[in-house]
Amino acid sequence: MAIMLILFLICSELQKLHKQFVIGDILSETEFWATRMKLLDDKASRKPKQRVGLKSDMIFNVKPSSDGQSNRVTFNLTPEIIHQIFAEKPAVRQAYLTFVPSKMTEKDFWTKYWRAEYLHSTKNIVAAAAEAAEDEELAVFLKQDDILANEARRKIRRVDPTLDMEADEGDDYTHLPDHGLPRDGSKDVMDSQYEQYRRSFLQDLNRHAAVVLEGRAIDVESGDTRSVAEALARSKQVELANEASDGNVNQERLDRISRMAEIEDLQAPRDHPVAPLSIKDPRDYFDSQQANALKTFGDTLAGTKQMTSDLSTSEAYGSLRESISEIKAVGLRAPIVKSEVALKVLNGLNQNISSTKYQIGKNARESVLDRLPKITRDELLLHWTSIQELLKHFWSSYPITTTYLYTKVNLAIMMYCNVITSVSSFPLQWVLDECEIRIICGQTEGCHVKNLSKATGNILSKCHDPASTTDLKESQSDFRHQVSLLVQPMLQALDAAFAHYDADLQKRSAKSGERPNGLV
Amino acid sequence: MKFQIEDVTVYFPYDHIYPEQHACMVELKRALDAKGHCLLEMPTGTGKTIALLSLITSYALSKPSSLVKLLYCTRTVHEMEKTLAELKLLHRYQCLHLGDAARTLALGLSSWKNLCIDPAVVSAENRDSVDAGCRKLTASWVRALAVENPNILTCRFYEDYEKAASEAVLPPGVYTLQDLRAFGKEKGWCPYFLARHMVQFANVVVYSYQYLLDPKVAGIISKEMQRESVVVFDEAHNIDNVCIEALSVSVRRQTLEGATRNLNKMTQEIQRFKNTDAGRLRAEYNRLVDGLAQRGNLPIGDTWLSNPVLPDDILKQAVPGHIWKAESFVSLLRRLVQYLKGRLETENVEKEGPVAFVGSINAQVGIDQKTLRFCYDRLHSLMLTLEITDTDEFLHIQTICDFATLMGTYTRGFSIIIEPFDERMPHIPDPVLQLSCHDASLAIKPVFERFQSVVITSGTLSPIDLYPRLLNFNPVVSRSFTMSLTRDCICPVVLTRGSDQLPVSTKFDLRSDPGVERNYGRLLLEMVSVVPDGIVCFFVSYSYMDGIVNSWNETGILKEIMQHKLVFIETQDVVETTLALDNYRKACGCGRGAVFFSVARLVIMFGVPFQYTLSRILLARLEYLRETFQIKEGDFLTFDALLYRQAAQCVGRVIRSKADYGMMIFADKRYSRHDKRSKLPGWILSHLRDAHLNLSTDMAVHIAREDFLNLFPPWCSSYGRWRNHKTGGSGKKTLLSQEDLEKVGNVSLGEMLF
């Protein structure tokens with residue numbers, strides 16, 4: 001219930017619908033919410049819009065707390081810490097998936113992990129190797145991370161060649177063993193049997209920074225360690241597959257190198273480099289653009305008419321044909337449109353799309369609604385949503401198998417009339433001219449709704465209410481046409497519903513002729 | 001833009017040019033005309049590479065009849081790729097203006113490991129296994145066997161390349177290693193052999209120093225380069241070290257043990273051949289009797305690293321008779337290994353000249369100097385005869401033979417030093433026997449003699465008169481250019497104290513002081529919260545960096561630093577370091593910000609770099625230089641000169657071009673002393689204000705806050721920047737356009753501006 005209240009707060013439209021239908025006894029509470037289950041679930045666990053990245057802190061680099069009495073130390077692991085450990089140490093993640101819970105409990109697992117960490121921190125490689133020899137599970141933590149090593153080997157092939165120091169390794173022939181002068185500091189000869197246990201804090205630091213930079217790959221919020229581990233493993237696989245399929249990366253890298261090679265201040269001033277526009281979430285994008293667009297919209301209230309062109313229709317058509325045939329012959333060139341042109345078009349589109357956000361119907365040429373008075377507009381939208389709601393319930397009741405459904409459909413049909421009644425209170429007289437009367441008069445005879453006459457009467461009275469027609473007296477006929485276009489789909493949907501209802505009713509009455517006992 | 005320098009039309013791929021670039025081109029042009037060598041010092045960030053490339057290629061284009069070819073040597077593969085990227089830009093521009101006439105072939109060349117496209121071979125871990133993996137598939141006898149037995153694996157890329165024969169050519173263009181691999185994959189040809197082949201025909205070849213300087217490599221790769229070629233050594237401030245490394249070999253216990261194993265294996269093989277294919281050994285014997293160590297023209301797949309000795313010094317004589325037989329050669333090597341083992345057992349440091357060493361070998365195990373000289377050739381012949389393909393297993397015996405050949409060939413300029421343990425860890429026995437070369441001019445001499453113009457260039461070559469003496473050559477042009485800056489795009493400061501007013505330094509007595517470590521930590525912490533994007537910190541050594549990072553971790557400073565920026569660290573593992581660098585760049589690029597900790601190469605320079613000055617090799621080299629070239633230690637390798645070279649290299653990375661901006665902090669109290677500081681490059685010193693010479697941490701942070709407002713280009717649009725550059729605050733132009741160049745006679749221009 002609390003959720004519902006919150007939802008009502010967030011969405012006043014919903015509240016209005018609820019008031020209209022549930023309080024108005026058309027739909028039961030459960031029915032109303034049944035279609036919105038997803039909304040309830042989703043919004044309940046609604047995440048903050050901004051995705052939180054990983055902490056830049058190395059939180060797993062924690063010091064244990066000790067009780068000061070015994071030699072016992074305690075580590076506190078939070079899901080965040082576990083996530084970080086798994087993300088940065090794939091071998092630990094892998095080990096977790098294989099060992100827990102089949103081989104050891106989670107607690108044992110983490111105890112072993114911290115034991116291994118402790119051994120590393122002592123920097124006593126020989127001791128670590130000795131311990132690892134005795135305990136093969138511990139050895140997993142102590143050894144170098146094979147998964148990481150593979151990943152590094154894969155990544156090094158994709159690294160910017162102008163940074164690639166690894167390539168020098170093989171190029172420098174004096175690095176043949178024992179050729180050249182022994183270098184200062186590199187004389188770190190170690191027995192190869194211990195080599196695999198060597199790990200430095202510096203490596204951990206690098207790894208940490210790299211993971212943080214990559215960002216959070218998974219969206220698991222739960223504290224379940226296993227699912228975190230699995231999700232991470234999965235995301236790695238996805239990454240791998242992406243890399244394999246992504247052939248463009250090479251080209252991009254080459255382009256970047258040649259860009260980097262340029263000395264920019266010797267270059268003549270250039271226009272801003274063109275970045276490819278990629279809109280991941282069009283809705284978000286245009287919403288954010290709306291503010292800008294509306295600002296300028298005031299200046300260009302006359303709609304998009306300002307985009308005048310001195311081309312005649314035939315000329316425009318000719319040029320279109322020309323460019324199509326050119327594309328057919330030559331194929332697409334790298335920039336299909338000149339970037340200035342593209343920018344102009346984009347701006348135009350932005351203004352259009354964002355300003356018509358609330359426009360109903362397929363006609364997106366001009367925002368009619370924005371020019372209506374706010375109250376009118378809101379009312380129109382509310383009607384639209386309530387009709388949608390009703391239609392949803394109407395259609396979901398078919399095929400009518402129970403009496404309950406039958407009454408529901410009847411109720412729904414009745415409600416249409418109500419709605420239409422209230423539509424009739426809509427101050428646009430000409431909208432009514434166009435539609436309501438037709439529908440109501442055409443269809444309502446089929447429904448045995450008692451308050452039909454009342455509704456019709458209502459409509460008629462409202463229609464002729466002089467007050468409601470005053471504010472748009474001056475509206476032009478083309479404007480009127482556009483609003484009617486806007487209402488058109490609403491009407492069509494209603495028409496369909498009524499037609500279906502009629503057909504069904506006739507069938508039903510035919511049947512009931514045979515079976516006088518009525519409904520199933 | 002294009003402009004004339006005397007009779008040469010220079011194509012330069014930008015609309016403007018820095019005056020120092022133009023001046024550099026004029027000088028270089030003179031050197032090329034005079035067919036002489038040249039030494040150019042030009043600060044980093046002034047577009048040195050593009051200036052050199054653009055002038056030399058334009059020079060070659062203007063004289064189509066001459067065979068001017070450019071051999072551009074870089075220190076590393078990534079510098080090679082960068083150079084090729086710039087060359088691509090230039091080539092595109094030249095093609096735009098000249099059309100097909102400008103179509104040239106330019107390519108990079110690297111080892112098998114970087115060029116191989118066979119997935120099975122290239123997945124091997126290091127270069128030697130890639131080499132061996134390749135050899136196993138491409139050696140002539142393997143291929144011969146494969147003809148009869150289809151089960152024997154060969155490399156399909158190599159086979160296809162061989163099949164294509166003379167068809168296999170690279171069309172004109174600029175090829176980075178990556179492009180070569182892509183081309184190879186597309187055609188199914190081995191890029192390595194293709195590139196090796198095309199090097200002879202290319203107009204520009206970019207490769208690493210070793211391909212020219214190291215006789216082992218140069219012998220197989222750079223043999224056929226024309227005399228008219230122009231050789232450029234870029235970033236050549238360390239070229240003397242590369243030269244001496246090319247001729248130095250060291251032997252350790254592991255080497256000797258490995259060599260013994262190799263010899264056992266060879267004995268077995270010889271026995272096997274005796275039983276199965278005795279004719280083969282006899283054929284080799286007969287060949288040696290005829291005086292031929294090499295089998296004439298080897299198929300390209302069989303080529304080996306060449307003789308470690310410089311071409312002029314290789315003895316053109318027949319192999320001495322007593323090592324003609326395979327067994328007797330192997331037993332001779334056994335004796336040599338045994339002798340070296342005995343020498344390694346010493347408890348004192350020993351230093352000997354090659355003559356004395358060879359003398360004692362002769363006295364003890366009866367191997368004379370001439371036989372030693374032939375060790376390499378004889379081993380090579382034997383390995384081919386035994387059809388050994390897993391060359392990575394036989395590196396140890398190869399090292400021993402290289403050692404023997406070098407020792408037998410050179411009597412001066414080298415010394416043999418035996419150290420029973422590392423000076424810093426006297427309790428761990430780690431004996432090493434080093435044959436070290438002291439004379440950098442030996443390795444580079446053939447290059448100066450073979451090619452008519454050699455250009456040595458770097459950001460820091462001062463004192464510029466030192467290099468001709470070190471490398472023993474006479475440059476026709478030797479110039480040092482300064483950097484012209486219109487605005488203060490760098491801000492060097494010297495920090496001597498922490499916020500607590502205690503001095504900071506990496507001087508030996510202060511190095512491990514926790515107070516100093518804490519002060520360095522606080523400095524970095526303050527900086528990360530103020531400085532946008534990236535910070536690079538240079539530490540004086542690995543062990544110091546490791547220590548300080550761990551102590552920062554314990555005291556929690558690291559944690560605080562990480563709250564502001566990500567931390568990446570250079571480690572001894574190159575793969576990891578490369579990835580860390582790549583990530584660092586990404587983090588700076590995306591606005592996340594990062595700190596990179598590196599070892600002496602803010603940039604914050606923690607302390608003064610120090611050389612491990614007690615190194616005996618260094619001392620021996622100093623002695624040699626003093627006696628032979630009259631170069632005083634003070635001129636060459638003192639503390640100060642090193643500081644100069646290394647610190648300048650480090651902080652030189654602050655700006656990549658003049659459009660960049662950055663701040664550099666020298667955090668050591670010793671930088672405040674004038675005699676030390678004056679060794680820093682002029683372009684840094686000129687920006688070092690007196691008020692910034694003796695700062696504490698809080699003052700430095702204040703300056704950083706202020707300066708990042710000032711250093712940021714106040715002009716945000718590129719147009720603004722351009723205009724500001726052109727008009728310049730000081731009235732001196734720092735960017736020249738084509739009209740500027742045409743207006744002023746280009747001869748006087750260089751002088752006028754400097």
Side-chain angles (χ1 to χ4, degrees), chain A residues 56-58 61 149 152-153 155-156 159-182 184-189 200-203 205-210 212-214 250 253-254 257-258 260-272, chain B residues 14-16 47 76-78 81-82 85-86 88-89 110-111 113-114 127 178 208 210 214 216-217 245-246 248-251 255 395 399 422 436 541-542 549-550 559 562-563 566-569 571 574-583 586-587 592 612 617 657-659 718-719 721-722 725:
Chain A
S56 20
D57 222 357
M58 284 174 89
N61 189 17
R153 215 170 298 151
K155 276 190 184 150
I156 198 88
V159 103
D160 186 340
T162 56
L163 285 180
D164 192 355
M165 301 204 291
E166 201 260 354
D168 298 336
E169 281 273 281
D171 199 57
D172 197 342
Y173 279 82
T174 48
H175 285 163
L176 281 177
D178 302 321
H179 283 72
L181 296 174
D184 192 28
S186 61
K187 256 204 290 193
D188 204 359
V189 187
S200 69
F201 177 60
L202 305 189
Q203 276 174 314
L205 270 179
N206 276 335
R207 173 70 190 155
H208 168 75
V212 171
L213 189 64
E214 261 170 37
N250 250 344
R253 203 168 50 171
L254 287 178
I257 293 165
S258 70
M260 297 282 284
E262 280 176 31
I263 304 175
E264 52 174 354
D265 61 341
L266 289 183
Q267 206 68 267
R270 262 191 313 194
D271 290 330
H272 293 289
Chain B
Y14 298 104
D15 290 347
H16 294 89
T76 58
V77 176
H78 51 100
E81 295 275 38
K82 229 181 283 179
E86 296 199 38
K88 241 183 205 173
L89 213 70
S110 182
S111 62
K113 182 182 138 268
N114 289 331
R127 185 192 78 93
Q178 204 162 12
S208 127
Q210 276 79 27
D214 189 338
K216 296 191 282 301
V217 193
E245 286 201 359
S248 299
V249 180
S250 58
V251 175
T255 326
L395 285 174
T399 306
D422 191 320
S436 70
S541 74
Y542 257 122
V549 169
N550 276 309
K559 200 172 163 175
M562 283 201 290
Q563 277 169 359
L566 296 174
V567 175
F568 294 99
I569 303 184
T571 66
V574 269
V575 176
E576 174 150 359
T577 307
T578 304
L579 291 177
L581 256 181
D582 197 41
N583 281 328
K586 263 187 225 154
R592 183 74 174 72
Y612 174 48
I617 295 178
S657 77
K658 293 183 184 180
S718 51
Y719 175 71
R721 172 190 298 160
W722 178 63
H725 247 315

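Bear in mind that the values here come from a model prediction, so they are computed numbers and not experimental data. Residue numbers begin at 1 in each chain, while the letters A, B, ... track the order of the sequences.
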TODO: Can you see which heavy atom on A:A209 is nearest to which on B:L566, and at what distance?
DONE: O-CD1, 3.8 Å
TODO: Measure the CD-CG distance between B:E576 and A:N206 for me, rounded to the nearest 0.5 Å.
DONE: 5.0 Å
Open item on the list: For the CZ atom of B:F568 and the NE2 atom of A:H208, what is their distance to the nearest 0.5 Å?
Closed with: 9.5 Å
Open item on the list: So, taking the atom named CG in A:L205 and the one named CD1 in B:I569, what distance separates them when rounded to the nearest 0.5 Å?
Closed with: 4.5 Å
